[in-house]
Amino acid sequence: MNRRKFLKAGLLGAVAAASPISISALDSATRPLSGGRSGRLNLRFFPYELQLRHAFNLARSQRTTTPGVQVEVEYDGLVGYGEASMPPYLGESVDSVTRFLSSLDLSQFTDPFRIEDIHEYMESVAPDNRAAKASVDIALHDLLGKIMGQPWYKIWGLNPEKCPNTSFTIGIDKPDVVRKKVDEASPYKVIKVKMGLDNDKELVEIIRSKTDVPICVDANQGWADKEKALEMCHWLAERNCLFVEQPMDKSAIDDTAWLRERSPLPIIADEFLQRLPDVRRAAGAYDGINIKLMKSTGLHEAHQMATLARAMGMKVMLGCMTETSCAVTAAAQLAPMVDYADLDGNLLIANDRFDGIKIVDGKVTIPDRPGIGVELIV
């Protein structure tokens, strides 16, 4: 009996006793999509540019599109979906991602469950390339969940009712555009405000003139002076702000630690934090971390990062780039573990290829589908 048949047989009793997924649903989820079985992993990918609904304005950049690469990993006729999204500051591009993926030989792996070995192999091929590696990792998790007939939040033993509300992001923009975006954010219970320019207070005042929902702030390293940053933290605390994300440059560790000791609001690491070893370094200067799959190389390491941060008493935030519902829904599998969620990247684009995560009454709602929980619609 091969591993897949063994897992399927072993899961039938557990599924019938403890899961809403029926035996017939499990059989459907694990049935090959095409004839013939290769017994090896097969990787496919293609570029896919994400079109943003509005120009995305940050303290240091502006863009109307985000380059991406869509990925499929096939095994015995089953297909797992993944993606790489590359906003400019990541330092990756369609060319670098496709070059890295072209260099991989996943056909050497006959057991898709050896995800640790596959990650070690990808690290040996080339350093960095975090979004490229994340695309493979996400597709592998989708594939493995389909083989097991379960979504990953169940495999990890997480309770979907513990998912937090997600924030809806409002970028730096003209006052009339900000007002329009506040109206668009009306279904959400938290608003994330991009800051880091001279009009930070004006943005908050516009939002407060239209709604009193809690806000959180992402300065994107835009505050250069620690005294000014502290003054802003006190000012924001009086206006129902939950936390401040990456207030100063990621290299300003001592100034950030100074701010953390005095700030009435939690300070969350974003650009400072990339992968697992950074979690311990962040503990000295930040109250919490923002985990993004495109930086962590995917779900495998993101889960480890969340577990470690929790063990160290840190706050955990789950974020995303501008992505399709593929990567955003994959990230949502971790949502029951976190304090804050910023999973709106799919809502900011006009050409989503997948159906996946839903926001119901402001709350992250994970689809009860095997794998990462998405269905291809385009």
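In this structure, Asn42 contributes its side chain and Glu74 its backbone to no donor-acceptor pair below 3.5 Å. At least one donor-acceptor pair under 3.5 Å links the side chain of Asp105 to the backbone N or O of Ser107. Proximity of a side-chain donor or acceptor of Ser135 to a complementary backbone N or O of Ala132 within less than 3.5 Å is detected. A donor-acceptor pair under 3.5 Å is absent between the side-chain atoms of Asp255 and the main chain of Lys226, judged by distance alone. Without hydrogens or angle criteria, Arg239 side chain to Val204 main chain gives no donor-acceptor distance under 3.5 Å. Between the side chain of Glu83 and the main chain of Thr324, a donor-acceptor pair closer than 3.5 Å is present. Side chain of Tyr75 to main chain of Thr110: a donor-acceptor pair is present (N/O by atom type, distance under 3.5 Å, no hydrogens or angles). With hydrogens and angles disregarded, no donor-acceptor distance shorter than 3.5 Å links the side chain of Asp287 to the backbone of Ile268. Under a 3.5 Å cut-off, the side chain of Ser96 and the backbone N or O of Ser93 do form a donor-acceptor pair.
Linking ILVMFWY residues whenever their side-chain heavy atoms come closer than 4.5 Å, directly or via other members, leaves Met317 and Val364 in distinct clusters. Under the 4.5 Å side-chain contact rule for hydrophobic residues, Leu41 and Val69 share a cluster. Criterion: ILVMFWY side-chain heavy atoms under 4.5 Å apart, direct or through other members. Under it, Ile372 and Ile291 are part of a common hydrophobic cluster. Val94 and Ile138 end up in the same hydrophobic cluster when Ile, Leu, Val, Met, Phe, Trp and Tyr side chains are linked at under 4.5 Å. A single hydrophobic cluster is not seen to contain both Val190 and Val217; linkage of ILVMFWY side chains at heavy-atom distances under 4.5 Å, directly or through other members, places them apart.
Closest approach of Glu92 to Ala131, counting heavy atoms only: OE2-N, 2.7 Å. Residues Lys189 and Val213 approach most closely at O-CB, 3.9 Å, considering heavy atoms. Contact between Ile155 and Gly145 at its shortest, heavy atoms only, is CD1-CA, 4.3 Å. Of all heavy-atom pairs between Gly196 and Asp200, the closest is N-OD1, 3.0 Å. When all heavy atoms are compared, the tightest approach of Leu343 to Ala331 is CD2-CB, 4.1 Å. The two residues Pro87 and Met321 make their nearest non-hydrogen contact at CG-SD, 3.7 Å.
In this structure, Arg353 is positioned above the aromatic face of Tyr48, its NZ or CZ under 6.0 Å from the six-membered ring centre and within 45° of the axis.
Counting only residues at least two apart or in different chains, ring-ring contact (aromatic ring centres under 6.0 Å, His included) contacts with residues 268-295 comprise Phe272-Tyr286. Counting only residues at least two apart or in different chains, ring-ring contact (aromatic ring centres under 6.0 Å, His included) contacts with residues 309-350 comprise Phe243-Tyr340. Within the structure, the ring-ring contact (aromatic ring centres under 6.0 Å, His included) test picks out the following pairs touching residues 184-232 (sequence neighbours left out): Phe168-Tyr188.
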Stepwise side chain to side chain donor-acceptor pair (under 3.5 Å) check, Thr166 with Asp344
CA-CA 7 Å; Thr166 187; Asp344 64 344; 5.7 Å; no
Before you tell me yes or no, could you show the steps for Glu301 and Ser296 under side chain to side chain donor-acceptor pair (under 3.5 Å), namely the whole-Å CA-CA distance, both residues' side-chain angles and the distance that decides it to 0.1 Å?
CA-CA 6 Å; Glu301 194 159 314; Ser296 71; over 6 Å; no
Give the intermediate values and the outcome of side chain to side chain contact (heavy atoms under 4.5 Å, CB included) for residues His234 and Leu265.
CA-CA 8 Å; His234 281 285; Leu265 298 175; over 6 Å; no
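For Trp156, the ring pair (Phe, Tyr, Trp, His ring centres under 6.0 Å) partners are Trp152, His303, not counting sequence neighbours. With sequence neighbours left out, the ring pair (Phe, Tyr, Trp, His ring centres under 6.0 Å) criterion links Phe100 to no other residue. Taking Phe46 as the reference, nothing meets the ring pair (Phe, Tyr, Trp, His ring centres under 6.0 Å) condition, with sequence neighbours excluded.
Ser325 and Asp352 are linked by a side-chain donor-acceptor pair at a separation below 3.5 angstrom, with hydrogens and angles left out of the test. Looking only at atom types and distance, the side chain of Gln51 has a donor-acceptor partner in the side chain of Glu49 under 3.5 Å away.
The shortest distance between side-chain heavy atoms of Thr365 and Ile357 does not fall below 4.5 Å. By the 4.5 Å heavy-atom criterion applied to side chains, Asp368 and Pro151 are counted as neighbours. Between Ile366 and Pro336, the closest side-chain pair of non-hydrogen atoms falls below 4.5 Å. Under the 4.5 Å side-chain criterion, counting only non-hydrogen atoms from C-beta, Ser85 is in contact with Leu50. Lys146 has its side chain out of reach of Leu144: every pair of non-hydrogen atoms, C-beta onward, lies at least 4.5 Å apart. Counting heavy atoms from C-beta on, the side chains of Lys315 and Ile289 never come closer than 4.5 Å. The side-chain heavy atoms of Leu273 and Val279, taken from C-beta on, include a pair separated by under 4.5 Å. Looking only at side-chain heavy atoms (C-beta outward), Leu259 and Ile267 come within less than 4.5 Å of each other.
Between Lys194 and Asp218, at least one side-chain N (NZ, or NE/NH1/NH2) sits under 4.0 Å from a carboxylate O, which counts as a salt bridge. Salt bridge Arg179/Asp176: absent, no basic N to carboxylate O contact under 4.0 Å. Contact check on Arg99 versus Asp95 returns a salt bridge, with a Lys/Arg side-chain nitrogen under 4.0 Å from an Asp/Glu carboxylate oxygen. Using a cutoff of 4.0 Å between basic side-chain nitrogens and carboxylate oxygens, Lys133 and Asp128 are not scored as salt-bridged. Salt-bridge formation is detected for the pair Asp355/Arg369: a Lys NZ or Arg NE/NH1/NH2 atom is positioned less than 4.0 Å from an Asp or Glu carboxylate oxygen. Ion pairing of Glu245 with Lys192 is present here, as a side-chain N (NZ or NE/NH1/NH2) and a carboxylate O approach within less than 4.0 Å. Taking the charged nitrogens against the carboxylate oxygens, Arg40 and Asp111 have no contact shorter than 4.0 Å, which rules out a salt bridge. Of the charged side-chain nitrogens involved, at least one lies within less than 4.0 Å of a carboxylate oxygen, so that Asp270 and Lys292 count as a salt-bridged pair. Between Glu271 and Lys250, no side-chain nitrogen of the basic residue sits less than 4.0 Å from a carboxylate oxygen of the acidic one, so the salt-bridge criterion is not met. Under the 4.0 Å criterion applied to side-chain N and carboxylate O atoms, Glu184 and Arg53 are not assigned as salt-bridge partners. Ion pair Glu123/Arg275 flagged as a salt bridge, since at least one NZ, NE, NH1 or NH2 atom sits closer than 4.0 Å to an Asp/Glu carboxylate oxygen.
Of the options Leu203, Asn199, Asp183, a side chain to side chain contact (heavy atoms under 4.5 Å, CB included) to Val178 is made by Leu203 and by none of the others.
Asn240 CG: more than 12 foreign heavy atoms inside a 6.0 Å radius. Other residues, nucleotides and ligands contribute at most 12 non-hydrogen atoms within 6.0 Å of the CZ atom of Arg280. Under a cut-off of 6.0 angstrom, the local environment of CD in Glu120 is crowded, with over 12 non-hydrogen atoms contributed by other residues, nucleotides or ligands. Annotation for Arg114: atom CZ does not count as buried by contact number, only 12 or fewer foreign heavy atoms lying within 6.0 Å.
If you look at Tyr121 and Phe109, their ring centroids are closer than 6.0 Å.
For the atom pair Asp342 CG and Asn290 CG, the distance stands at 7.0 Å (nearest 0.5 Å).
Between His119 and His300, the ring planes are parallel. Angles under 30° get that label, and only those over 60° would be called perpendicular.
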